[in-house]
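Inspection log for the structure reproduced underneath, given as structure tokens.
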Amino acid sequence: MRVIPQRLRGEQIPDRVEVRGEIYMSTRSFEKLNEEMKDSRLFANPRNAAAGSLRQKDSRITASRHLDFFGYQIGYMQGMDFTNQWEALQLIREWGFPVNPHIHLARTLDEVMDYCKKWEQERFNLPYEIDGVVIKISDLAQQQELGTVARDPRWAIAFKYPPTQVATQLLDIRVNIGRTGSVNPWAVLEPVNIRGVTVARAALHNEGDVQRKDLRVGDWVLVQRAGEVIPQVVKPIVERRTGKEQVYHLPERCPLCDTPIIRIPDQA
DNA sequence: CTACAACTGCAATGGGTCGC
DNA sequence: GCGACCCATTGCAGTTGTAG
């Protein structure tokens, strides 16, 4: 990736450093790539094109894909110091890494909210696709104090814009039997294109989830991709019901081996 | 040559265990 | 009883490796 500096630039160079960031593909590079691919299969969207480009075994192919990069964090650093996120970003930029030019140091929660709202519309003018804004506590001492739960830091969170919702028909509800014996219903959908990908199935998790949403076989439903990726049935479109929709019940026996299905009391 | 399994990131759900 | 943590399950696009 040409945008990654081969040598750190600037005055202050640490002995050893880990720069973390996000690799992406601009809308323009994505469209160009698909033009070049004209004979073979096209990439569905920039996100998957970027992911696939990274997984190439031959790095020359990766290099030809015009991937881009924004540094957003220093993971480890030896021989230097910084006290907050803002300084870290300045350092990363001085070393020659691209840093997002739209970073903003907010002083109040209102300011954070305004920033998120502002970009909900303005994001469409960016040369790449985004699905939200990352909000961080700048002060490193406060980050330390807040700590991390599992893999999620308590000092950073992503604000996601509402994903695109599309209407389609719930053709059927079927069940899978998991390795542990769990009975997992899933939705068979009339395939729909949601921003580049075809969605034909979605997990419904359990019977309670189906009942809470009041999903009926034959319903028109709203479907989205949570986090712009995972297919999810949001809710039925009740106004479009004809009366022919079927209320769903779990089968009484395993569709594979005919063993009776039991429900453990107080469990999903 | 095609088909398919394994793996990855992404989110949302639930269950089980441990320690306080 | 709750927080923390780990695991299971689900689907799509993509690459890689292997089976047929």
Side-chain angles (χ1 to χ4, degrees), chain A residues 20-25 29-30 33-34 36-37 40-65 67 72 129-134 146-166 168 170-213 215 221-235 250 254-256 261-268:
Chain A
R20 300 186 185 178
E22 182 119 348
I23 292 169
Y24 66 97
M25 186 180 285
S29 295
F30 166 72
L33 176 59
N34 265 352
E36 292 163 14
M37 305 273 296
S40 47
R41 285 191 57 222
L42 300 179
F43 288 103
N45 54 65
R47 180 184 185 278
N48 289 101
S53 300
L54 277 180
R55 303 193 70 80
Q56 291 288 339
K57 207 178 173 189
D58 183 350
S59 62
R60 285 171 302 186
I61 300 179
T62 310
S64 74
R65 292 289 174 82
L67 294 169
Y72 62 62
E129 295 181 2
I130 65 169
D131 65 346
V133 171
V134 174
L146 285 159
T148 294
V149 173
R151 287 186 299 277
D152 303 322
R154 276 186 291 223
W155 45 267
I157 195 167
F159 179 89
K160 300 280 181 115
Y161 297 116
T164 307
Q165 296 188 342
V166 173
T168 190
L170 177 59
L171 301 179
D172 197 8
I173 295 176
R174 297 183 195 164
V175 296
N176 274 344
I177 310 296
R179 179 172 61 76
T180 59
S182 63
V183 178
N184 311 108
W186 51 283
V188 180
L189 303 164
E190 178 64 34
V192 272
N193 190 294
I194 310 182
R195 295 178 52 135
V197 318
T198 306
V199 171
R201 302 172 174 191
L204 295 175
H205 306 297
N206 54 64
E207 190 178 32
D209 207 32
V210 180
Q211 286 172 355
R212 260 193 305 280
K213 290 174 179 167
L215 296 175
V221 292
L222 282 182
V223 177
Q224 66 183 21
R225 289 193 291 145
E228 299 284 340
V229 182
I230 314 286
Q232 188 180 23
V233 178
V234 182
K235 61 173 183 182
L250 273 189
C254 171
L256 296 176
I261 288 170
I262 57 162
R263 184 197 204 94
I264 300 171
D266 301 323
Q267 288 199 2

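The model shown is predicted, which means the values in this text are computed figures rather than measured ones. Values below: every heavy atom of this structure, side chains too, minus hydrogens, waters and symmetry copies. Letters go in sequence order (proteins before strands), and every chain restarts at 1.
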Assert: residue with more 5' nearest nucleotide on DNA chain B, out of A:R212 and A:N48, is A:N48
List the atom of A:L189, the atom of A:A202, and the distance in Å for their closest heavy-atom pair.
CD1-CB, 4.3 Å
Take the C1' atoms of the five end pairs on each side of the helix from B:dC1-C:dG20 to B:dC20-C:dG1, get both axes, and report the angle to 10 degrees.
50°
Any idea which heavy atoms bring A:N34 and A:F43 closest together, and the distance?
OD1-N, 2.9 Å
With the side chain counted from C-beta on, respond yes when A:I177 and A:V183 share a heavy-atom pair under 4.5 Å apart, and no when they do not.
yes
A:S53 and A:R65: which non-hydrogen atoms are nearest, and at how many Å?
OG-NH1, 2.9 Å
Quick one: label A:R195 by what it contacts on the DNA or RNA (base, sugar-phosphate, nothing), any heavy atom closer than 4.0 Å.
nothing
Of all the heavy-atom pairs spanning A:L204 and A:W186, show the shortest one and how long it is.
CD1-C, 3.8 Å
Counting side-chain heavy atoms from C-beta on, which of C:dG11, C:dT16, C:dT15 comes nearest to A:F43?
C:dT15
We want to know whether A:D209 and A:N206 form a side-chain donor-acceptor pair, criterion being a heavy-atom distance below 3.5 angstrom.
no
According to a strict under-4.0 Å criterion, is A:Q232 in side-chain N/O contact with OP1 or OP2 of C:dT10?
no
Integer-rounded Å distance: C:dG14 P and A:N34 CG:
9 Å
Check: A:T198 side chain, A:V192 main-chain N or O, donor-acceptor pair, under 3.5 Å
no
Over all atoms of both residues, closest heavy-atom pair of A:T62 and A:Q56:
OG1-CB, 3.5 Å
Per nearest nucleotide of DNA chain C, the residue lying toward the 5' end, A:N176 or A:A51, is A:N176
To the nearest angstrom, how far is A:D58 atom CG from C:dT15 atom C1'?
13 Å
Look at all strands and tell whether A:T198 reaches a base, only sugar-phosphate, or nothing, counting heavy atoms closer than 4.0 Å.
sugar-phosphate
Taking any heavy-atom pair under 4.0 Å as a contact, classify A:R174: base, sugar-phosphate, or nothing.
nothing
First and last nucleotide of DNA chain B in contact with chain A, 5' to 3', at under 4.0 Å to a heavy atom: what are they?
B:dT8 to B:dG16
Which atom of A:Q165 lies closest to which atom of A:V234, heavy atoms considered:
NE2-CG2, 3.7 Å
Check whether any side-chain heavy atom of A:V199 sits under 4.5 Å from a side-chain heavy atom of A:Q224, and report yes or no.
no
Interface with DNA chain C, restricted to residues 200-208 of chain A and to heavy atoms under 4.0 Å:
A:A200, A:R201, A:A202, A:A203
Among the nucleotides C:dG14, C:dT15, C:dT10, which one has an atom lying closest to any side-chain atom of A:N184?
C:dT10
Using the salt bridge (Lys or Arg N to Asp or Glu O under 4.0 Å) rule, pick out the option among A:R195, A:K160, A:R47, A:R225 that qualifies with A:D131.
A:K160
